[in-house]
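Take a look at the structure below.
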Amino acid sequence: MNRIITAKFGGTSLADASQIRKAAAIIKSNPERRYVVASAPGKRFSDDMKITDMLYTCHKESIEGKDFSETLKKITERYAGIIRELGIDFDIDSEMNAIAENLKNGTSADYPASRGEYINSKIIAKFLGWEFVDASEIIFFTDNGTLNEAKTFSTAEERLLALEYAVIPGFYGSLPDGSIKTFSRGGSDVTGSIIARSVNADLYENWTDVSGMLSADPRIVKSPKTIENITYTELRELSYMGASVLHEDAVFPVRKAGIPINIRNTNSPDDNGTMIAASLPKDIKRRAVTGIAGRKGFTSIRVEKSMMNGETGFGAKLLYIFADNGVPFEHCPTGIDTISVIVNTAMFESKREIILRLIKNDLNPDYITIEKNLSAIAVVGEGMVSTKGTAAKLFRALADAGVNVRMIDQGSDELNIIVGVDDDDYEKSICALYDAMIKE
Ligand code: ADP
Ligand code: ASP
Ligand code: MG
């Protein structure tokens with residue numbers, strides 16, 4: 001049987017006509033690339049605006065009763081330029097009129113936001129001479145907003161396998177009432193994974209603007225090493241913690257089916273990129289640490305109570321207070337008489353008073369200490385379990401860099417160690433950890 005590749009191209013890979021030509025050359029160079037998932041045009045240069053952001057602006061202007069026609073005109077002009085340069089016949093005005101009409105009728109933000117990928121995919125399908133398949137007809141959400149996997153996989157499989165080649169817009173699907181719902185930002189990666197899974201692809205290629213997953217954020221560490229091979233679990237850990245090259249949820253659909261993901265660079269298609277699979281190849285050089293990632297903007301709520309360890313359900317009650325108020329916790333390191341809950345600062349601040357009141361009333365703690373401006377940094381690697389001295393090396397590196405570690409949390413699967421540092425020490429810590437754990 002012939003191999004099938006699902007290839008997703010990101011926003012920068014399709015930002016203008018010359019990028020679309022590069023993507024088309026890649027697509028056409030291998031007939032196994034049968035299903036292409038396209039993003040909306042992204043930034044062409046660093047101060048540029050993504051089409052998706054412009055569409056969100058239109059929606060914001062419309063609900064504020066402002067005139068959105070200027071913003072919509074800028075979007076039309078960008079697409080018109082792409083269409084002209086690609087030399088295709090495409091009626092952009094009627095597409096844009098439909099968006100304007102919906103905005104006037106008070107649509108939710110998801111519909112206009114989805115039109116970036118919708119129109120771009122139609123343009124690309126035309127340029128390739130391929131079929132366009134609307135994501136709203138093959139990707140389904142349930143009423144509570146989760147993916148209806150069974151319906152999606154079977155409908156997409158049936159529809160797509162009947163076609164030899166197709167372009168599918170990323171980022172959205174439809175709700176039971178037929179209206180459009182988007183994934184969270186960067187969600188075209190998730191669409192690509194869903195499509196790969198539905199057609200039971202042999203490979204999910206994710207084409208972007210870097211030659212793979214880097215072992216640290218390239219905006220902080222100069223020329224970090226590329227990770228050639230990484231497991232799904234490590235990748236999920238790193239992307240959740242902020243290595244933003246792939247959407248953190250993109251791993252799930254393909255992982256269940258064992259379909260590997262290959263991150264590749266549209267601007268450097270000969271590079272091998274990063275291969276993501278269930279396990280590392282046997283012959284790979286052993287390593288303790290695969291990558292480092294992190295995020296700023298956390299708050300730690302430390303609750304102290306003597307004999308807490310003897311009080312059954314204390315931790316559960318505490319976490320329920322956060323959950324009941326819609327504030328998910330990120331980490332929860334515990335001591336004998338202390339428990340800390342690490343949460344997103346912006347989320348916590350909006351519920352601060354009620355949460356603190358409930359903790360005081362329901363749990364009667366001795367002290368509550370709140371620390372803001374906390375960054376969480378994860379050092380991730382499946383080899384950490386079997387490599388002695390990793391933690392010692394990590395803390396030595398931070399101490400030598402003069403960083404005060406404010407929180408430590410080791411995941412129970414021993415795949416990662418998470419440290420909390422001051423936001424001001426964030427960049428310095430990432431560089432020190434990279435030098436000590438990965439570079440050498
Ligand atoms: P796309 O538009 O193709 O979906 P994204 O902008 O979502 O691309 O993701 C690629 C970007 O992720 C890179 O340009 C890079 O700046 C950023 N990035 C952050 N951390 C990492 C990392 N660890 N490895 C690779 N890229 C990273
Ligand atoms: N265009 C969407 C965004 O900017 C989805 C994506 O690019 O993956 O978030
Ligand atoms: Mg992306």
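Hydrogens, waters and symmetry mates play no part in the numbers below; they use all other heavy atoms, side chains included. Indexing begins at 1, ligand by ligand and atom by atom, following the structure's order. Remember, it's a predicted structure, so these values are computed and weren't measured experimentally.
- Between Asp209 and ligand 1, at least one pair of N/O atoms sits closer than 3.5 Å.
- Protein residues with a heavy atom under 4.0 Å from ligand 2 are Ser39, Lys50, Thr52, Glu117, Phe171, Arg185, Gly186, Gly187, Ser188.
- No cation-pi contact links Arg236 to Phe252, judged by a cut-off of 6.0 Å to the six-membered ring centre and 45° from its axis.
- For Met213, no nitrogen or oxygen atom sits less than 3.5 Å from a nitrogen or oxygen atom of ligand 1, counting backbone and side chain alike.
- Judged by the shortest distance from any of its heavy atoms, Pro218 lies inside the 4.0 Å radius around the atoms of ligand 1.
- With no hydrogens or angles considered, a side-chain donor-acceptor pair links Asp423 and Ser375 at under 3.5 Å.
- In this structure, Arg219 is part of the shell of residues with a heavy atom less than 4.0 angstrom from ligand 1.
- The protein heavy-atom contact nearest to atom 2 (O) of ligand 1 is Gly11 N, 3.1 Å.
- Residues Lys43 and Asp209 are not paired through a salt bridge, judged by the lack of any N-O separation under 4.0 Å between the basic side chain and the carboxylate.
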Could you walk me through whether Lys50 and Asp53 pass salt bridge (Lys or Arg N to Asp or Glu O under 4.0 Å), step by step? CA-CA 5 Å; Lys50 291 180 173 188; Asp53 289 323; 5.4 Å; no
Evaluate the criterion salt bridge (Lys or Arg N to Asp or Glu O under 4.0 Å) for residue pair Glu95 and Lys122; output intermediate values, then yes/no. CA-CA 11 Å; Glu95 298 289 359; Lys122 276 187 148 181; 3.0 Å; yes
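- Under a 4.0 Å heavy-atom criterion, Gly42 is not in contact with ligand 1.
- The side-chain tip of Lys296 does not point at the ring of Tyr426 from less than 6.0 angstrom away and within 45° of straight on.
- Remark: Arg352 engages Glu349 in a salt bridge, criterion side-chain N to carboxylate O under 4.0 Å.
- Looking at Lys8 against ligand 1, only its side chain comes within 4.0 Å, counting heavy atoms.
- Distances below 4.0 Å separate heavy atoms of Gly212 from the following atoms of ligand 1: 25 (C).
- For atom 8 (O) of ligand 1, the choice among Asp217, Asn206, Thr208 with the nearest heavy atom turns out to be Thr208.
- Ranking protein heavy atoms by distance to atom 18 (N) of ligand 1, first place goes to Ser244 OG, 3.8 Å.
- Counting protein heavy atoms under 4.0 angstrom from atom 6 (O) of ligand 1 gives zero.
- Ring-centre distance between Phe183 and Phe141: below the 6.0 Å cut-off.
- Two residues are said to be in side-chain contact when any heavy atoms from C-beta on lie closer than 4.5 Å; Arg21 and Phe127 meet this criterion.
- You'll find the side chain of Leu238 reaches within 4.5 Å of the side chain of Ile230, heavy atoms only.
- The closest non-hydrogen atom to atom 26 (N) of ligand 1, taken over Thr266, Val245, Ile292, Leu246, comes from Val245.
- Between Tyr118 and Phe132, the gap from one ring centroid to the other is short of 6.0 Å.
- In this structure, Ala293 falls outside the shell of residues with a heavy atom less than 4.0 angstrom from ligand 1.
- Of the N and O atoms on the side chains of Ser108 and Asp110, not one donor lies less than 3.5 Å from an acceptor on the other residue.
- Those atoms of ligand 1 with a heavy atom of Ala243 less than 4.0 angstrom away are 20 (N), 23 (N).
- Annotation: cation-pi geometry satisfied between Arg295 and Tyr240 (NZ/CZ under 6.0 angstrom from ring centroid, within 45° of ring axis).
- Atom 24 (N) of ligand 1 has Leu214 N, 2.8 Å as its closest protein atom, hydrogens excluded (heavy atom only).
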